[in-house]
**Student:** 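The structure's right below; bear with me while I get my questions together.
Remember, it's 1-based here, ligands and their atoms both numbered in the order they're listed. The first residue of the sequence shown is numbered 1, and numbering continues consecutively from there.
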Amino acid sequence: MELMSTITEMGHEEVVFFHSRDLGLKAIVAIHDTTLGPALGGCRMLPYKSDEEALYDVLRLSRGMTYKNAVAGLNLGGGKSVIIGDPKKDKSEAYFRAFGRFIESLGGRYITAEDVNTAVDDMENIFQETSHVVGIPPAHGGSGDPSPFTALGTLRGIEAAVEYKYGSKDLSQLSFAVQGVGHVGSHLVRMLRETGAKVYVCDTDAGRVRHTVEQYGAEAVGLDAIYETDAKIFAPCALGGSINAETLDKLKCEIIAGSANNQLDTDATGDELEKRGILYVPDYVINAGGVINVAIERQGYNRERATHQVDRIFDICKHIFSIAQREGLPTYKTADHLAEKRIEEVGKVRRPYLPARRRPINGRHTLS
Ligand code: NAD
């Protein structure tokens with residue numbers, strides 16, 4: 001009963017549990033809101049400790065996708081899927097094809113993509129059974145690795161914040177602290193260094209740090225020292241929750257702008273940043289480059305169009321900063337309001353034109 005009330009409270013349209021007896025596949029798909037279009041969001045695979053933990057994760061993540069897709073200007077709703085399994089042991093062609101058949105059974109209301117512990121190869125296997133998947137290999141007309149586009153969007157968000165704060169989007173005289181130099185972070189470091197900016201980096205993986213130091217001329221600092229550098233811009237590109245009560249007091253930066261999801265541990269931290277005059281670029285706005293890029297696959301993938309649309313993150317961020325200033329709100333809250341407003345307004349436009357649903361009557365399909 002408690003699970004059902006959690007679903008009701010979070011306002012999801014549909015939550016579907018899948019189980020394949022033969023392959024041992026256990027998955028949950030959560031469709032949060034399809035006002036703007038079919039729900040799009042990645043598939044995460046983890047050995048969750050309990051079914052409840054998996055359910056809570058998919059409910060939270062799918063809701064986040066509704067907001068992300070709405071602010072990015074996509075005609076897509078929010079959804080997500082989780083597979084309860086061990087990515088090191090359970091993955092196989094059949095396993096992901098079975099997942100593809102589950103997705104197909106939803107009739108296009110949910111479109112899946114890569115996420116934590118799923119990759120392009122897995123999407124290719126899903127694609128054998130359904131067309132409702134993006135992030136497939138270029139050989140099938142897909143867009144491949146989304147990370148360079150996420151990094152590009154992050155750079156645009158940084159430029160918007162810098163222009164808003166300092167009056168010019170020139171990054172060359174500035175310094176940056178990039179926390180986490182994996183797929184997205186390393187592309188971001190490359191692009192920042194190309195502008196001539198100074199870049200401090202850290203990562204738990206020493207090899208990744210070495211790569212950015214040797215390839216791009218970044219300066220390595222320790223995992224704790226990254227918060228306390230003299231960099232004006234702090235870019236979290238590792239895990240969530242790195243901006244919290246403990247790290248807030250260490251930060252010397254004036255802007256927080258990075259690709260990581262769920263950067264703020266709580267809303268109170270976002271309010272505190274606002275009080276301290278640190279400009280926070282909302283995470284799901286600045287890191288939307290990847291989803292924008294994969295969404296374009298649905299219209300026939302075109303790299304130039306993808307780049308153009310990802311560039312728009314600059315304008316979206318500027319818009320959020322100006323509304324936040326006008327209304328005296330923290331930026332994270334302003335982004336939420338913007339998403340809710342778009343869903344409400346576009347919902348009104350679309351509702352009368354939704355195709356009539358077909359319902360079987362006496363074994364025949366007729367319009368209702
Ligand atoms: P990744 O796993 O390739 O890179 C993350 C890096 O952070 C790794 O190198 C890891 O060693 C490092 N790291 C982990 N804990 C750390 C710590 N405490 N301090 C410093 N470094 C640490 O992941 P990614 O694809 O580059 O994504 C980075 C972030 O951006 C994630 O939060 C992800 O959810 C988010 N994001 C990624 C994409 C994308 O297109 N890949 C899109 C949207 C959001």
Side-chain angles (χ1 to χ4, degrees), residues 40-46 57 60-61 64-65 67-69 71-72 74 78 80 82 87 113-120 122-123 134-135 142-158 176-191 199-213 215 218 220-229 234-244 246-247 250-251 256-265 281-297 306-307 310 313:
L40 185 144
C43 168
R44 180 168 290 198
M45 182 172 186
L46 285 172
D57 210 24
R60 184 180 63 85
L61 294 166
M65 287 309 297
Y67 282 79
K68 184 175 196 160
N69 293 342
V71 175
L74 299 171
K80 203 93 179 180
V82 293
E114 284 174 47
D115 200 79
V116 175
N117 291 335
T118 59
V120 177
D122 305 319
M123 298 306 120
V134 289
S143 57
D145 178 13
S147 307
F149 285 90
T150 303
L152 176 66
T154 305
L155 183 73
R156 295 292 173 254
I158 287 173
F176 294 81
V178 180
Q179 181 184 44
V181 283
H183 289 98
V184 180
S186 60
H187 283 292
L188 181 65
V189 171
R190 172 180 50 77
M191 292 188 285
V199 182
Y200 299 101
V201 294
C202 80
D203 200 296
T204 45
D205 182 329
R208 289 183 166 175
V209 171
R210 207 175 316 116
H211 173 76
T212 53
V213 170
Q215 291 292 312
V221 297
L223 294 176
D224 286 331
I226 196 79
Y227 295 103
E228 299 178 89
T229 72
F234 182 74
C237 296
L239 304 177
S242 74
I243 312 297
N244 53 50
E246 196 189 316
T247 57
K250 295 183 186 169
L251 287 170
I256 297 177
S259 76
N261 277 314
N262 307 315
Q263 292 169 29
L264 308 178
D265 63 339
V281 188
D283 46 12
Y284 68 77
V285 180
I286 193 170
N287 72 17
V291 74
I292 293 171
N293 182 54
V294 291
I296 289 191
E297 282 182 30
T307 306
V310 172
I313 289 178

**Student:** Run the side chain to side chain contact (heavy atoms under 4.5 Å, CB included) test on Y284 and V71 for me, step by step, so that the C-alpha distance in whole Å, both residues' side-chain angles and the decisive distance to 0.1 Å come before the verdict.
**Tutor:** CA-CA 9 Å; Y284 68 77; V71 175; 3.8 Å; yes
**Student:** Give me the nearest non-hydrogen protein atom to atom 16 (C) of ligand 1 as residue plus atom name, then the distance to 0.1 Å.
**Tutor:** T204 CG2, 3.7 Å
**Student:** Looking only at protein heavy atoms, identify the closest one to atom 34 (O) of ligand 1 and say how far it is in Å.
**Tutor:** N261 ND2, 3.0 Å
**Student:** Report the nearest protein non-hydrogen atom to atom 30 (O) of ligand 1: residue, atom name, distance rounded to 0.1 Å.
**Tutor:** S259 OG, 3.0 Å
**Student:** Do the side-chain N and O atoms of N244 and T247 include a donor-acceptor pair separated by under 3.5 angstrom?
**Tutor:** yes
**Student:** Can you pull out the closest protein heavy atom to atom 10 (C) of ligand 1? Residue, atom name and distance to 0.1 Å, please.
**Tutor:** D203 OD1, 3.3 Å
**Student:** Which bit of H183 is near ligand 1, meaning a heavy atom under 4.0 Å away: side chain, backbone, both or neither?
**Tutor:** both
**Student:** Have a look at K68 and tell me which of D283, L74, N261, L40 forms a side-chain contact (heavy atoms from CB on, under 4.5 Å) with it.
**Tutor:** N261
**Student:** What is the nearest protein non-hydrogen atom to atom 37 (C) of ligand 1, stated with its residue, atom name and distance?
**Tutor:** V184 CG2, 3.8 Å
**Student:** Apply side-chain hydrogen bond (donor to acceptor under 3.5 Å, both in side chains) to H211 and R208, showing your working.
**Tutor:** CA-CA 5 Å; H211 173 76; R208 289 183 166 175; over 6 Å; no
**Student:** For atom 4 (O) of ligand 1, what is the nearest protein heavy atom, given as residue, atom name and distance?
**Tutor:** G182 CA, 3.3 Å
**Student:** Looking only at protein heavy atoms, which one is nearest to atom 32 (O) of ligand 1, and what is the separation?
**Tutor:** A238 O, 2.7 Å
**Student:** Can you spot which of V116, N117, T118 makes a side-chain contact (heavy atoms from CB on, under 4.5 Å) with R44?
**Tutor:** V116
**Student:** Just to be sure I read this right, does ligand 1 sit under 4.0 Å from the backbone of C237, its side chain, both, or neither, counting only heavy atoms?
**Tutor:** backbone
**Student:** When you compare the side chain of K250 with that of D224, does any pair of heavy atoms fall below 4.5 Å?
**Tutor:** yes
**Student:** Heavy-atom distances under 4.0 Å are what count here, so tell me which part of L223 touches ligand 1: side chain, backbone, both or neither.
**Tutor:** side chain
**Student:** As an exercise, identify every atom of ligand 1 less than 4.0 angstrom from a heavy atom of S147.
**Tutor:** 40 (O), 41 (N)
**Student:** Just do the side chain to side chain contact (heavy atoms under 4.5 Å, CB included) check on I243 and L251 with the steps written out, would you?
**Tutor:** CA-CA 9 Å; I243 312 297; L251 287 170; 4.3 Å; yes
**Student:** Quick check: do S143 and V134 have side-chain heavy atoms less than 4.5 Å from each other?
**Tutor:** no
**Student:** Give a yes/no verdict on whether any heavy atom in G180 is under 4.0 Å from an atom of ligand 1.
**Tutor:** yes
**Student:** Quick one: are V291 and F149 in side-chain contact, heavy atoms under 4.5 Å?
**Tutor:** no
**Student:** Should the proximity of T150 to ligand 1, defined as any heavy atom under 4.0 Å, be assigned to the side chain, the backbone, both, or neither?
**Tutor:** side chain
**Student:** Around atom 8 (C) of ligand 1, find the nearest protein heavy atom and jot down its residue, atom name and distance.
**Tutor:** R208 NH1, 3.1 Å
